[in-house]
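Quantities reported herein were computed from a predicted structural model and do not represent experimental measurements.
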Amino acid sequence: MRCFRQDCFTATDIVKMIVVVSLSAVSLMLTAATPVSAQLFCPLTYCIPILLAALWFPRQAFRATALLVAGFAIIRVHLSALGFAVDPVMTGLHTMIFFWVFGATTLFSQDAHLAASRCRRIVEETRDARFLCDPETLRVVCASGKCADMFGYAPREFVGIPAEMFWADETGKAWFIEEMKREGYVGNAEMVFYANNGDARRVLLSCRALSPENLFECTVVDTGRLLGENNELIRSNGRLMELIRQTNDIFFMQDAAGCILHFSWVRASEYGFSPEDIVGKGADAFLPPNLAAQNIELIQKVIEEQKSASYDLDLEIGGVRYTFSVTIAPYNGVDGAFTGVVGSARDTSEVRRQRLACRQLSWEVEQWKGLVTRLAHELRTPLQPLVGYLRMVVEDPGYYGSTKEAEKILKTCLECADQEQAVVERVVELSLLTMDYVDLTVQDIPLRELIETTVSEGGYERSARICNEIPDNVRIPGDPDRLSMAVAGLVANAVKYNEPPENVWIRYARSNANHYIMVCDNGIGIPEDNIESIFEPLHVGDVNQDRKDGSTGLGLTIANKYVQLHGGDITVKSEVGEGSTFTIRIPREV
């Protein structure tokens with residue numbers, strides 16, 4: 001049907017189809033109407049439409065034969081069902097004869113298109129896109145695999161296709177026919193052919209007449225593809241040149257003697273020279289003698305080993321010392337012979353300075369860590385005996401003869417000393433978290449059990465009612481010690497800034513990517529302009545409240561650091577006078 005829609009059948013083709021269909025119908029009717037006893041030779045009439053189909057329509061011959069054999073077999077089965085004596089042996093014999101006629105005629109018709117089978121073998125085995133066609137009908141007689149693939153056909157499918165199926169216009173077809181009338185002439189022209197999927201392909205057609213064989217030989221070049229490849233090559237080259245223009249790297253080529261064949265550097269003009277001034281000169285024209293000799297040695301090494309080489313080059317340009325990382329590789333010409341080396345040089349001076357700065361910073365961090373340790377030791381040393389002696393006097397004032405007024409003063413001193421000792425310990429802990437690498441021991445943690453242990457060890461239930469609403473089956477990944485400290489910091493904060501009835505709820509939620517632990521309270525709340533600063537070290541919200549409860553201003557800061565070590569964070573939602581909700585986010589993959 002597609003062939004009819006594309007007007008690919010000529011009037012001759014239609015007449016041939018009518019003849020084949022008519023003879024097929026006559027053969028089937030004779031089989032149905034002739035008595036079985038007289039059907040010895042009657043089925044041989046099927047050979048005529050099979051033979052004609054194989055000669056005129058080789059691509060559809062097998063289908064025509066199959067339909068005729070199926071019709072013949074159905075009629076025989078019907079006659080047998082009506083009570084006629086049908087010989088199954090003769091039926092099978094006739095079926096075999098039909099297929100034999102189809103096969104023999106198909107082979108004969110293929111060879112009949114070529115007076116010499118040598119031409120067909122040459123065309124089919126060539127690597128070029130080539131086909132032979134009949135001069136009268138312009139049907140394809142044989143084609144190479146590359147030619148059939150170019151138009152989206154299998155080689156056998158391409159054979160027998162009429163010219164109208166792939167010739168896009170009558171002008172090109174008419175030119176082809178006129179050119180082929182000129183004996184001993186090779187015609188070349190660009191035209192458009194249709195592929196199997198209907199796409200138009202612009203091709204260069206080179207054709208000549210094979211007079212002894214009475215055939216036309218055509219060679220096809222897909223100029224559209226070549227044009228596309230050429231345009232892609234131009235675009236790729238343009239992208240490469242644009243990349244070279246945008247980069248600060250140096251690109252160069254040298255021959256075996258070290259002579260510069262090509263030099264490209266965007267920053268060359270900044271240093272008062274042009275790449276054109278360097279091309280054609282040796283490396284000694286701009287390198288000190290020792291570096292020029294080193295360059296020649298490396299080129300010779302690359303030539304001998306046929307492998308790339310890399311080295312660092314320290315060079316002074318414009319009174320400033322630079323370090324370049326240079327890579328050179330062998331470059332061979334089209335004939336495979338060695339031509340020279342191609343290379344690139346990248347300015348790594350800044351990278352080198354940054355490395356030195358990183359080493360300096362690392363040294364300074366180590367010094368600060370040592371200083372923090374020493375400061376902690378110096379602060380702890382006087383605090384420990386002070387706290388110890390104050391506690392002894394406060395616990396037994398009568399033994400030491402303290403008055404009521406002195407006892408009150410000493411208790412205040414003890415509270416201040418305890419607070420300062422807690423601050424020292426927390427500052428040391430925060431400093432180590434900030435400056436040192438902390439290695440997490442990640443485990444599968446039963447969250448409800450962790451929360452219960454944290455609340456129990458902190459004694460928070462003595463100050464507020466703690467509601468642990470986390471299900472028993474919740475497990476999250478993390479370091480149990482660090483997460484326990486983070487939760488303890490939030491629970492302590494919720495208890496400290498609470499109001500009657502002092503309630504704290506600990507809840508859990510999750511998403512596809514995270515676990516969420518929420519600590520909620522019904523406390524005093526946090527003003528909106530204060531929320532972003534509560535995680536800063538030594539942040540003081542209400543000075544009187546903090547001092548009364550012994551707060552160090554570091555609990556939330558340390559809790560946040562522990563959560564950040566897990567790749568998470570802590571967020572806050574709060575309403576003044578209503579309470580606050582602190583949410584710990586822990587990724588599902590730590």
Tabulate below the donor-acceptor pairs under 3.5 Å that side-chain atoms of residues 294-303 make, not counting sequence neighbours, or state none.
residue : atom : partner : partner atom : Å
Asn295  : OD1  : Gln254  : NE2          : 3.0
Asn295  : ND2  : Tyr311  : OH           : 3.4

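Nearest heavy-atom pair across Ile534 and Ile531 is CG1-O, 3.1 Å. Between Ser308 and Pro330 the shortest heavy-atom distance is N-CD, 4.1 Å. Nearest heavy atoms, Leu287 versus Ala292: CB-N, 4.1 Å. Considering every non-hydrogen atom in both Pro587 and Gly567, the closest pair reads CG-O, 3.4 Å. In plain terms, the two heavy atoms of Gly478 and Leu483 that are nearest each other are CA-CD1, 4.1 Å. The two residues Val563 and Ala486 make their nearest non-hydrogen contact at CG2-CB, 3.8 Å.
Take Arg510 and apply the salt bridge (Lys or Arg N to Asp or Glu O under 4.0 Å) test, not counting sequence neighbours, and it matches no residue.
Rounded to the nearest 0.5 angstrom, Phe216 CZ and Cys133 SG are separated by 6.5 Å.
Phe263 places a side-chain heavy atom less than 4.5 Å from the side chain of Ile250. Counting heavy atoms from C-beta outward, Thr583 and Ile570 have side chains that stay 4.5 Å or more apart. Residues His262 and Phe252 form no side-chain contact, since every pair of their non-hydrogen atoms from C-beta on lies 4.5 Å or further apart. No side-chain heavy atom of Arg475 sits under 4.5 Å from any side-chain heavy atom of Ile445. Side chains of Phe131 and Cys218 form a contact here, defined as non-hydrogen atoms less than 4.5 Å apart. Counting heavy atoms from C-beta on, the side chains of Arg482 and His566 come closer than 4.5 Å. Annotation: side chain of Thr219 is not in contact with side chain of Leu204 (no heavy-atom distance under 4.5 Å). Side-chain contact between Phe582 and Leu556: present, with at least one pair of heavy atoms (C-beta onward) separated by less than 4.5 Å.
Residue Ile476 forms a side-chain contact (heavy atoms from CB on, under 4.5 Å) with just one option from Ile517, Asp444, Ile584, and that option is Ile517.
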Starting from the C-alpha separation in whole Å, work towards a yes-or-no answer on side chain to side chain contact (heavy atoms under 4.5 Å, CB included) for Cys147 and Tyr153. CA-CA 9 Å; Cys147 181; Tyr153 292 93; over 6 Å; no

Can Leu132 and Val140 be said to form a side chain to side chain contact (heavy atoms under 4.5 Å, CB included), step by step? CA-CA 6 Å; Leu132 298 179; Val140 176; over 6 Å; no

Using side chain to side chain contact (heavy atoms under 4.5 Å, CB included), reason through Val326 and Asp312 one step at a time and then give a plain yes or no. CA-CA 6 Å; Val326 184; Asp312 288 333; over 6 Å; no

In sequence, state the C-alpha distance, the side-chain angles, and the governing distance for Arg346 and Phe324, and then conclude on side chain to side chain contact (heavy atoms under 4.5 Å, CB included). CA-CA 5 Å; Arg346 172 165 293 184; Phe324 292 93; over 6 Å; no

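Using modelled atom types, no side-chain atom of Arg588 and backbone atom of Pro477 make a donor-acceptor pair closer than 3.5 Å. Judged by distance alone, the side chain of Ser144 and the main-chain N or O of Arg130 form a donor-acceptor pair under 3.5 Å. A donor-acceptor pair under 3.5 Å is formed between the side chain of Asp479 and the backbone N or O of Thr441. The closest donor-acceptor contact from the side chain of Asn196 to the backbone of Gly152 lies under 3.5 Å. In terms of modelled atom types and a separation under 3.5 Å, the side chain of Arg201 and the main chain of Met150 share a donor-acceptor contact.
Thr327 and Ser310 share a donor-acceptor pair across their side chains, judged by distance under 3.5 Å alone.
Taking the six-membered ring for Trp, Phe151 and Phe193 have ring centres closer than 6.0 Å.
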